[in-house]
Every structure is written in structure tokens, then in C-alpha cells.
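Read the structure below first, then the notes.
Proteins come first, then strands; the chains are lettered A, B, ... in the order of their sequence lines, and each starts at number 1. Predicted model only: the values in this text are computed from it and were never measured.
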2 protein chains.
Amino acid sequence: MMIELDLQSEIPIYTQLMDQIIEGIASGRLEPGESLPSVRSLASDIGINLHTVNKAYTLLKQEGFIQIHRKKGVIVVQKEEMPQLTEQYLAKLSQQLRPVIAESLCRGLSQEQLTEIITRLYNDIQSQNKE
Amino acid sequence: MMIELDLQSEIPIYTQLMDQIIEGIASGRLEPGESLPSVRSLASDIGINLHTVNKAYTLLKQEGFIQIHRKKGVIVVQKEEMPQLTEQYLAKLSQQLRPVIAESLCRGLSQEQLTEIITRLYNDIQSQNKE
DNA sequence: ACATCTGTTATATATATAATATAACAGATG
DNA sequence: CATCTGTTATATTATATATATAACAGATGT
């Protein structure tokens, strides 16, 4: 999978990495059971340190999106093992969205406009092709 | 306005302050033209440093939500002066929402469920009473 | 067997951010 | 004229980010 980083962004590299892998899974570009590159090869490919990749992988493992086996290496979890819609997650989701929505409200974005943006993003992510 | 901070949160205090003031404006608890406490009194009230409040105020001023006059002090901008729906802001909004939506998609949240959550938050924020 | 690749762990360093502390300045207030 | 205001400067502490180098133990391929 193609990884694009902005090294000048205020968003940490390991966060950008996590975001892109999660979006890869969401879009289907990364399928359940699919292998991810080793920490060393991915770090080398995109020109960053091994530990930065390792941090992203470790957090993705903690959140349940990937598994790391001695034998199989780093793989995307199976569909049945994918993180679920827990109460805890829904609370986190609302907490993440709240300030974003508040600002858009201040700027006069209507509920319909906001819903349209969300819908467009949802479909954009879902309909991405491979590569 | 009541300010509630979580000093143990990984979200910086100045960010929590900004978020709460913006949500105050979005809800109408803070009206255009209304005064905000001085950096020293607010810092003293909530038990944090003056510079932390000052950082939040300075950033809110830069983004256009408040004004700081020698005479009037710190006030919420008038409705006509409120930050607008610029292309730049809409791009930032999509960038903020994208990874959040991607994760919810991985966890099996439907577009309808997501829209419902957004709508609930939008209305929650809008319908908050004073105090 | 042996070299190689794997995730993992440990240390160290440099840089940036966050938060606090203390001090001072200049404009405005009463 | 004392007091409060935002603002600026400087310093310190703690934490987060990213890198660098090294080592360990399990697994792989020849």
C-alpha cells in the first residue's frame, strides 16, 4: 500500500501512519489477513526510523486492528476479530467530534451541509481503489 | 461561563479551554459582544497559569472568535465578524473528520448511524442552556 | 549449522511542545 | 496614583516526538 507522509505536518508521523493504515482497512485496500511490511522495511521505504513504525504498529495492535505473530508477521485482523462498536468507542467518537462540530456551528454550517460533508467523506473512503 | 478541565487528559489544557469557549459560542451561552474574564482572573479561578489562558485567548483571537481591546477587554466577536465558511476551513474540516470516519467505518458503523450521532451532537450543542 | 530477517527491548540524544514561575512594560480605570 | 489590563521576555520542568545504535530470541531459507 502506498503511504504518503507530510514530515512538516504538526500531526506526528506515527499518527499519520496509523491513520493511513486504518483508512486502508476501511476502504478495503488492506484486506483482512493481508500482510503489512516489517517495521524495518517500511521504515526504510519511507525514510523514517524503525521505532516510529514500531510505535504505530504497537498502537494498532493494542487497538485491535492488526496482529503480530512470530510466524505470520504483521497482518490485518480477520473480519470477525475487527474492533467492534463498543460503548467506550462511541463515547470516544463523540468526544472527538464534539469540538469539530462546535466550530463548524459557529461558522454557520447547517446540519444539512455537515451531513453532506460526512456522507461524502464516508463514501470517498469506502470507494477508494487499490494502489 | 463554567469551565471544566481534565488536567489528566492528553488533550492540552489550552486546547480544552479553546474548545469550551468555542462550544460556548456555538451554543449561545456566550453571546456576541459578551466579555470574557481577564487572563489572570480566569487562570486564578480554574487554578492554572496565566500563560496557559493567554495562549488559548491568543489563538482564539488569531482564528477570529474573540477580540482584545485595551478598553473593552476580551470580548466575543460580533455575529457579522464571526469566522466564515472559507474554502480553507472546509479543507481543514475534512482533514479532521477523515481519520475519525475511517475508524468508525472499520468498526462497522453505518452511514445512517454516523449521521444520527452527528445530528445528535449538533443539536445537543445548539440546545445547551445557560449555566 | 549458519546467516538473515523478524518483533521487541533497552539506552541515549536532540528537538519541540506544554505548563509553570517570575518579572517587567505600557495603556486604561477608578 | 495605585490597580488591573494584555503583552512580552526569560527561565525551568516535564513530556512527547523522532532518531540512533545495540542487543536478544524466535523463525526462515539455504
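Annotation: salt bridge (Lys or Arg N to Asp or Glu O under 4.0 Å) contacts of A/Lys92 (sequence neighbours excluded): B/Glu103. Residues meeting the side-chain hydrogen bond (donor to acceptor under 3.5 Å, both in side chains) test with B/Gln113, sequence neighbours left out: B/Ser110.
The nearest whole Å value for the distance from the CG atom in A/Leu59 to the P atom in C/dG7 is 16 Å. Here the P atom of nucleotide C/dT8 and the CG atom of A/Leu60 are 12 Å apart, to the nearest Å. Distance CD (A/Glu10) to C1' (D/dA16): 15 Å, rounded to an integer number of Å. Rounded to an integer number of Å, the gap from OH of A/Tyr57 to P of C/dT6 is 10 Å.
Over its length, the helix from C/dG7-D/dC24 to C/dC25-D/dG6 turns its helix axis by 30°, as judged from the five terminal pairs at each end, rounded to 10°.
Here the CD-CG distance, from B/Glu23 to B/Leu30, works out to 10.5 Å after rounding to the nearest 0.5 Å. The CD1 atom of A/Ile66 lies 9.5 Å from the CD1 atom of A/Ile22; values are rounded to the nearest 0.5 Å. Here B/Thr52 contributes atom OG1 and B/Leu17 contributes atom CG; the two are 8.5 Å apart, rounded to the nearest 0.5 Å. For the atom pair A/Leu93 CG and B/Leu114 CG, the distance stands at 7.0 Å (nearest 0.5 Å). How far CD of A/Gln95 is from CD1 of B/Ile11: 5.0 Å, rounded to the nearest 0.5 Å.
For the pair B/Tyr14 (side chain) and B/His51 (backbone), a donor-acceptor distance under 3.5 Å is absent.
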- prompt: What string of B, S and - do you get for nucleotides 18-24 of chain C, 5' to 3', if B is base contact, S is sugar-phosphate-only contact and - is no contact with any protein heavy atom under 4.0 Å?
  reply: SSBBB-B
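Applying a 4.0 Å cut-off to non-hydrogen atoms, the residues of residues 61-74 of chain A that approach DNA chain C are A/Lys61, A/Ile68, A/Arg70, A/Val74, listed by residue number.
Put simply, A/Ser38 has a side-chain N or O that comes within less than 4.0 Å of OP1 or OP2 on C/dT6. Contact check, B/Asn54 against D/dG6: no side-chain N or O comes under 4.0 Å of OP1 or OP2.
Residues B/Ile125 and A/Arg98 have side chains in contact (heavy-atom distance under 4.5 Å, counting atoms from C-beta outward).
Pairs of residues two or more places apart, or lying in two chains, never qualify as salt bridge (Lys or Arg N to Asp or Glu O under 4.0 Å) while including a residue from residues 116-128 of chain A.
Using a 3.5 Å distance cut-off with no hydrogens or angles, the side chains of A/Gln126 and B/Gln111 do not pair a donor with an acceptor.
Base pairing of C/dA28: its partner is D/dT3, meeting the Watson-Crick or G-U wobble criterion (both donor-acceptor distances under 3.5 Å).
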